[in-house]
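First the structure, in the form of structure tokens, and then the observations on it.
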Amino acid sequence: MTTSSKPVSSSQPRLHQKGAVIQEFGTVKQFPIGLSYEARMYSCQRLNKALADTQILYGLYKKHHWLMRGATFYQLHLVLDKHAGEQLELIDTIAERVQSLGGVAVGDTRHVAELTSIPRPPDGVEEVPAMLARLLEAHEAILIDAHDAAARTIELGDDGTNDLLVSQVIRTGELQTWFLAEHLVDTPLVRA
């Protein structure tokens, strides 16, 4: 068999490409959206923190969904998966807001691990109440940060970020917290 001297077809994928970084993380480019550089920079920083924590919370929900045990397995298995799906929607919404402000959304899980304040869980399986308490603690950390960031974004005139934080991050987190916390209530036995 002979080798051809024909040029390689243009349909051949160009593999192993490397490129220059065209926008550094932690910077914002100018978009004509009526917000100051300071407002956009602040919002991107706070949103990336919320994005990192939300990605970790999503991962915790999926882990606990898979590892659920006990008499309430089925109910908790379903609710944890539902909550995980809602957190996944938040991840996309938060990331898109960062991008719309001219920033760079944190997306690499190794970078997320550097930015998050949510403690790492054990690699193994915890008891069910401990799993639920871990989710509640993660929610509370996110909610505290979201309330603080929402107040500051109002001062900076960033209504869009404030709306996202209040109407989606905070309201979703509060509702999910309620659902989880009610699973940790001791219910008295009914005696006849």
Side-chain angles (χ1 to χ4, degrees), residues 14 16-64 80-121 134-181:
R14 297 180 197 155
H16 311 293
Q17 295 189 43
K18 304 285 187 258
V21 173
I22 59 173
Q23 184 180 353
E24 294 290 335
F25 182 81
T27 65
V28 292
K29 58 187 173 183
Q30 185 61 46
F31 279 153
I33 59 174
L35 288 173
S36 70
Y37 170 84
E38 177 189 27
R40 292 179 305 106
M41 180 62 88
Y42 179 82
S43 292
C44 285
Q45 289 169 347
R46 293 305 295 264
L47 287 168
N48 267 319
K49 172 70 167 71
L51 179 56
D53 288 344
T54 302
Q55 289 181 65
I56 296 298
L57 180 58
Y58 166 77
L60 285 175
Y61 266 115
K62 290 307 286 188
K63 176 183 179 170
H64 298 332
L80 296 182
D81 201 37
K82 177 183 181 290
H83 286 191
E86 293 165 355
Q87 290 299 316
L88 190 57
E89 288 180 26
L90 277 178
I91 289 167
D92 196 52
T93 301
I94 297 167
E96 288 176 353
R97 180 65 186 167
V98 171
Q99 295 301 127
S100 73
L101 291 168
V104 177
V106 61
D108 185 278
T109 54
R110 295 163 295 193
H111 193 188
V112 165
E114 294 170 3
L115 296 179
T116 190
S117 61
I118 308 298
R120 181 180 174 164
R134 183 174 299 285
L135 290 167
L136 288 170
E137 290 165 9
H139 271 295
E140 186 173 33
I142 291 168
L143 288 167
I144 288 169
D145 282 349
H147 283 290
D148 182 64
R152 180 77 172 113
T153 58
I154 281 292
E155 294 170 10
L156 294 169
D158 186 354
D159 299 321
T161 297
N162 175 272
D163 179 60
L164 184 155
L165 290 168
V166 173
S167 68
Q168 295 183 50
V169 175
I170 292 172
R171 288 196 181 133
T172 299
E174 288 174 345
L175 188 62
Q176 289 182 348
T177 296
W178 171 47
F179 272 71
L180 294 175

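Quantities reported herein were computed from a predicted structural model and do not represent experimental measurements. Note that the numbering runs from 1 along the sequence shown for the chain.
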Salt bridge (Lys or Arg N to Asp or Glu O under 4.0 Å) for Glu86 and Lys82? Distances and angles first, verdict last.
CA-CA 6 Å; Glu86 293 165 355; Lys82 177 183 181 290; 2.6 Å; yes
Nearest heavy-atom neighbours spanning Ala39 and Leu156
CB-O, 3.7 Å
Where do Val169 and Leu90 come nearest, in terms of heavy atoms and distance?
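So the minimum-distance heavy-atom pair works out to N-CD2, 4.0 Å.
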Closer than 4.0 angstrom, basic N to acidic O: yes or no for Arg134 and Glu137?
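Salt bridge between Arg134 and Glu137, a charged N being under 4.0 Å from a carboxylate O: no.
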So does Asp158 pair up with Arg97, basic N to acidic O under 4.0 Å?
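Yes, Asp158 and Arg97 are salt-bridged.
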Does the Lys NZ or Arg CZ of Arg40 fall within the cation-pi geometry relative to Phe31 - under 6.0 Å from the ring centre and within 45° of the axis?
no
Say whether Gln87 and Gln176, considering side chains only, have a donor N or O and an acceptor N or O under 3.5 Å apart.
yes
Can you find a side-chain donor-acceptor pair between Thr116 and Lys49 that sits under 3.5 Å?
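There is no such pair (donor and acceptor under 3.5 Å, judged by atom type) between the side chains of Thr116 and Lys49.
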Do [X] and [Y] touch side chain to side chain, with heavy atoms closer than 4.5 Å?
X      : Y      : answer
Val28  : Tyr42  : no
Glu38  : Met41  : no
Leu165 : Thr161 : yes

Taking the six-membered ring for Trp and the full ring for Phe, Tyr or His, determine whether the centres of Tyr61 and His139 are under 6.0 Å apart.
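Yes, the ring of Tyr61 comes within the 6.0 Å limit of the ring of His139, centre to centre.
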Is it true that a side-chain atom of Gln55 and a backbone atom of Val106 form a donor plus acceptor pair closer than 3.5 Å?
yes
Passes side chain to side chain donor-acceptor pair (under 3.5 Å), Arg46 versus Thr153? Steps please.
CA-CA 9 Å; Arg46 293 305 295 264; Thr153 58; over 6 Å; no
